[in-house]
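So you know, we letter chains A, B, ... as the sequences are listed, proteins then strands, and number each from 1.
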Amino acid sequence: MAAPTPARVADDPTQSELRSLRDEALAAPSSGIVEVFNHGRDREGLIPLWVGEGDLRRPISSRRP
Amino acid sequence: MIRSIEAGETFYTHQRGIPELREAIARYMARVYGKPFANGAEPFTPERFFLTVGGMHAVQIAIRLLAGTGDDVLVLTPAWPNFEGALKVSGARLIEIPLQTKVDIAGRQAWSLDLDRLAAAVTPAAKVLVINSPSNPTGWVATRDDLLALLAFARRHDLWIIADEIYGRISFNGARAPSFHDVMSEEDRVLFVQTFSKNWAMTGLRIGWLEAPPAFGEIIENLIQYSTSGVAVPMQRAAVAALEEGEAFFQSQLKRLAESRAILCDGLRRIARVRFAEPQGAFYLFCAIEGITDTRELAFRWVDEAGVGVAPGTAFGAGGRDYVRLCFARDPARMTEAVRRIEAWFKA
């Protein structure tokens, strides 16, 4: 699922609002990881190995400011 | 962090980061890397470090400093997709340099740098070379010789290097991965992006840093001012605690990663259709599956049919299209169960 490219925006009259946006903003690609993540994020029992973070919680320090 | 909020540290702050944290980073870098330049005695000083809202913000600032419309940026791929995104938003053109996969005499796969491909890809408009080692998603780790060659290449073509070394301490061959700090001199043009997210499990706190020549200080401060206006002080307090009290946590995480990596590698080796290079660093395994050409569809199927979520290789550039990425920063028992489910999917 790619972001709307400038060319696609120009071809699609329903996307006229987007024509005023910068080409560089429109060129920002959608994340192929987030797409799958959104598909499965609420699945009960699923083991998520998709995003780049661990499952350990950082211990909160009692350090004072 | 909580005490910082309770103490009322909720106001604007130093754009470059609070002095205590910049000093703590300098001490940490000295502990891990020794000194910033291979050929000098100069120590790490706080003036080299600029706090950012995560490593991603450090990448953005680095790109804003170096490249924009009309400029080419060389990126080794498969690569973390956020490089592509940030470059496209900047207007710069991304040129992908695929890593090679080789098979050694023992039949093991390995990713490697292809300097000929790099030389063939450089253009007159090239301004920046992005190097992420240890690599997300491949687990490739540049050798000291690779880094020397890349540095020589950058000097020859008058390029800046953006060195993403955020997984530098997550190495399965030695205490840490080779760093540009081991080979560079003060004249070399290298910006480093770093984060607290991975070593200290702080992904959601959004704090990282950019390392740059101190002479860039005012310019970087301005770019921070006009993007985020600085990092929230409670997050910076948490970062000081991570650097000064977090080594035991990091070491325990590293031990756990080695265990889960072994479980995943051993499990996938049992599946004849799966091919991969054993990751040498970072916490990802990037594998291809014989008979599968649409890894996006496969990722959706594994969610639905195996109960395992993976990242499709299509997200990591052209060189990653035939692969899926599995993050093994998981409890070993969960990793064992994930491997069992994947094996069962292949048998079904």
Return the minimal non-hydrogen interatomic distance between [X] and [Y], and the atom names on each side.
X: B/Arg330; Y: A/Glu53; answer: NH1-O, 2.9 Å
X: B/Ala338; Y: A/Ile47; answer: N-CD1, 3.6 Å
X: B/Arg341; Y: A/Leu46; answer: NH1-CA, 4.1 Å
X: B/Asp304; Y: A/His39; answer: OD1-NE2, 2.9 Å
X: B/Val310; Y: A/Trp50; answer: C-CB, 3.7 Å
X: B/Arg334; Y: A/Pro48; answer: NH2-CD, 3.8 Å

Under 4.5 Å heavy-atom distance to chain A, tell me which part of [X] shows up: side chain, backbone, both or neither.
X: B/Ser260; value: neither
X: B/Glu20; value: neither
X: B/Ala242; value: both
X: B/Ala238; value: both
X: B/Tyr284; value: side chain

Taking [options] one by one, which has the highest count of heavy-atom pairs under 4.5 Å against chain A?
options: B/Gly307, B/Ala201, B/Ala86; value: B/Gly307
options: B/Ala315, B/Gly309, B/Pro137, B/Ala329; value: B/Gly309
options: B/Glu337, B/Lys88, B/Glu6, B/Lys198; value: B/Lys88

Next on the checklist: Using side chain to side chain contact (heavy atoms under 4.5 Å, CB included), reason through A/Leu49 and B/Phe328 one step at a time and then give a plain yes or no.
Outcome noted: CA-CA 7 Å; A/Leu49 309 178; B/Phe328 55 83; over 6 Å; no

Checklist entry - Between B/Arg296 and A/Glu35, does at least one N-O distance fall below 4.0 Å, as a salt bridge requires? => result yes

Next on the checklist: Restricting to salt bridge (charged side-chain N to carboxylate O under 4.0 Å, His left out), what partner residues turn up for B/Arg256, sequence neighbours left out?
Outcome noted: A/Asp55, B/Asp331

Checklist entry - Out of A/Gly32, A/Gly52, A/Gly40, A/Gly45, which one racks up the most heavy-atom pairs below 4.5 Å with chain B? => result A/Gly52

Item to check | Best-contacting candidate, A/Val51, A/Leu56, A/Val34, A/Ile33, against chain B by heavy atom pairs under 4.5 angstrom | outcome: A/Leu56

Item to check | Interface moiety of A/Arg22 toward chain B, non-hydrogen atoms closer than 4.5 Å | outcome: side chain

Item to check | Heavy-atom contacts under 4.5 Å, residues 78-85 of chain B to chain A | outcome: B/Pro81, B/Glu84, B/Gly85

